[in-house]
Amino acid sequence: MYLQRDCKKVEEAPEGFPFKIEDHPGQHTITLTREYQGESIDVEVHMPDLLTGDEDENDNDAEDHERANQSQIPLVVKVSKKNGPALEFGLTAFADEIAIDSLLIKDPNAAEDQIAYEGPDFSDLDENLQKAFHKYLEIRGIKPSTTNFLHEYMINKDSREYVMWLKNLKKFIEA
C-alpha cells in the first residue's frame with residue numbers, strides 16, 4: 001500500500017528534548033510531561049491545522065495574513081505546583097513562533113461546576129508582561145525548537161492514524 005511508504009517512521013526526539021512523550025494510537029493528541037524545579041508541566045499537543053492559503057478578504061493586517069497561511073499546532077500547557085493553583089496556557093505554535101492565546105489560573109480545589117474568571121484577553125496585557133510569560137514558557141521548554149519538532153511529529157502521527165483508520169475500515173468491509 002503506497003500510503004504506508006509515505007508514513008514516515010516516528011522521529012526520535014532531538015538531543016536535549018526535555019519532555020517525555022506519551023502517544024496513544026487512535027487519539028488526536030499526544031501528551032508531553034516533565035518536572036521542572038518542583039513544577040509539573042503537562043502539554044497537550046493537538047494535530048496540526050494544515051492550512052491551504054485561502055485568503056480572507058477582510059484581513060488587512062500583514063502579520064495575521066502571514067500566520068493564516070502557515071500550519072499551526074494548538075497546544076495546552078499546564079504548569080502546576082504541589083497542592084496549589086495551576087497556570088493553563090492556550091497556545092498556537094507556528095513555524096519558529098509561539099503565540100499565547102489565553103492564560104487561566106486554575107484552582108485544583110474549585111468545584112467542577114464553578115466557572116473561574118478567565119482574565120483579560122492575553123493580547124490586552126501589558127507588552128512587558130506578555131514578554132515575561134513567553135520567557136516563562138521558554139525556560140520550561142516551550143520554545144520554537146520544541147514546537148517545530150512537534151509539528152513534524154504530529155504530521156507523522158496524522159499519517160499513521162490515517163493508515164490505521166484505512167486498515168480498520170478494510171477489516172470492517174471484509175468481515
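Note that the structure is predicted; figures quoted are calculated from it, not measured.
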| query | Taking it one step at a time, do Leu87 and Ile105 satisfy side-chain contact (heavy atoms from CB on, under 4.5 Å)? | reply | CA-CA 5 Å; Leu87 294 181; Ile105 301 170; 3.8 Å; yes
| task | Take Leu32 and Leu150 through the test side-chain contact (heavy atoms from CB on, under 4.5 Å) and record every step on the way to the result. | result | CA-CA 10 Å; Leu32 307 177; Leu150 291 173; 3.6 Å; yes
| task | Would you sort out whether Ser40 and Glu35 count as a side chain to side chain donor-acceptor pair (under 3.5 Å), showing the intermediate values? | result | CA-CA 5 Å; Ser40 294; Glu35 297 292 318; 3.0 Å; yes
| side-chain contact (heavy atoms from CB on, under 4.5 Å) assessment of Trp165 paired with Leu169 | CA-CA 6 Å; Trp165 181 83; Leu169 184 61; 3.9 Å; yes
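Atom CG of residue Leu91 and atom CZ of residue Phe122 lie 9.0 Å apart, to the nearest 0.5 angstrom. The CG atom of Leu125 lies 14.0 Å from the NZ atom of Lys131; values are rounded to the nearest 0.5 Å. In this structure, the separation between NZ on Lys20 and CG on Asp42 is 10.5 Å, given to the nearest 0.5 Å. Within the model, atoms NE2 of His28 and CE of Met154 stand 9.5 Å from one another, a figure rounded to the nearest 0.5 Å. Rounding to the nearest 0.5 Å places NE2 of His151 at 10.5 Å from CG of Asn156. Summarising the geometry, atom CD1 belonging to Ile155 is positioned 11.5 Å from atom CZ belonging to Arg160; distances are rounded to the nearest 0.5 Å.
Considering every non-hydrogen atom in both Lys157 and Asp23, the closest pair reads NZ-OD1, 2.7 Å. Nearest heavy atom pair, residue Leu75 against residue Ala93, reads CD1-CB, 4.2 Å. Counting all heavy atoms, side chain and backbone alike, Phe19 lies closest to Gly141 at CE1-O, 3.6 Å. Residues Lys78 and Ala86 share a closest heavy-atom pair of CE-CB, 3.8 Å. In this structure, Ala99 and Phe94 approach most closely via the heavy-atom pair CB-CE1, 4.1 Å. Across Ile73 and Thr147, no two heavy atoms sit closer than the pair CD1-O, 3.8 Å.
With hydrogens and angles ignored, the 3.5 Å screen pairs no side-chain donor or acceptor of Arg140 with any backbone N or O of Arg34. A donor-acceptor pair is defined here as one N or O able to donate and one able to accept, closer than 3.5 Å; no such pair exists between the side chain of Thr31 and the backbone of Glu22. Listed for the Glu161 side chain is a donor-acceptor partner under 3.5 Å among the backbone atoms of Gly26. Side chain of Gln130 to backbone of Ser123: a donor-acceptor contact under 3.5 angstrom is found.
Two residues are said to be in side-chain contact when any heavy atoms from C-beta on lie closer than 4.5 Å; Ile100 and Leu137 meet this criterion. Using a 4.5 Å heavy-atom cutoff, the side chains of Asn148 and Glu152 are not in contact. Counting heavy atoms from C-beta on, the side chains of Pro25 and Met164 never come closer than 4.5 Å. Residues Val45 and Tyr153 are not in side-chain contact: their nearest non-hydrogen atoms beyond the backbone lie 4.5 Å or more apart. Contact check for Pro14 versus Phe17: side-chain heavy atoms found under the 4.5 Å cut-off.
Under the 30°/60° scheme for interplanar angles, the aromatic rings of Phe89 and Tyr136 are found to be tilted.
The local environment of CG in Asn83 is sparse, with at most 12 non-hydrogen atoms from other residues, nucleotides or ligands closer than 6.0 Å.
Criterion: ILVMFWY side-chain heavy atoms under 4.5 Å apart, direct or through other members. Under it, Val76 and Tyr36 are not part of a common hydrophobic cluster.
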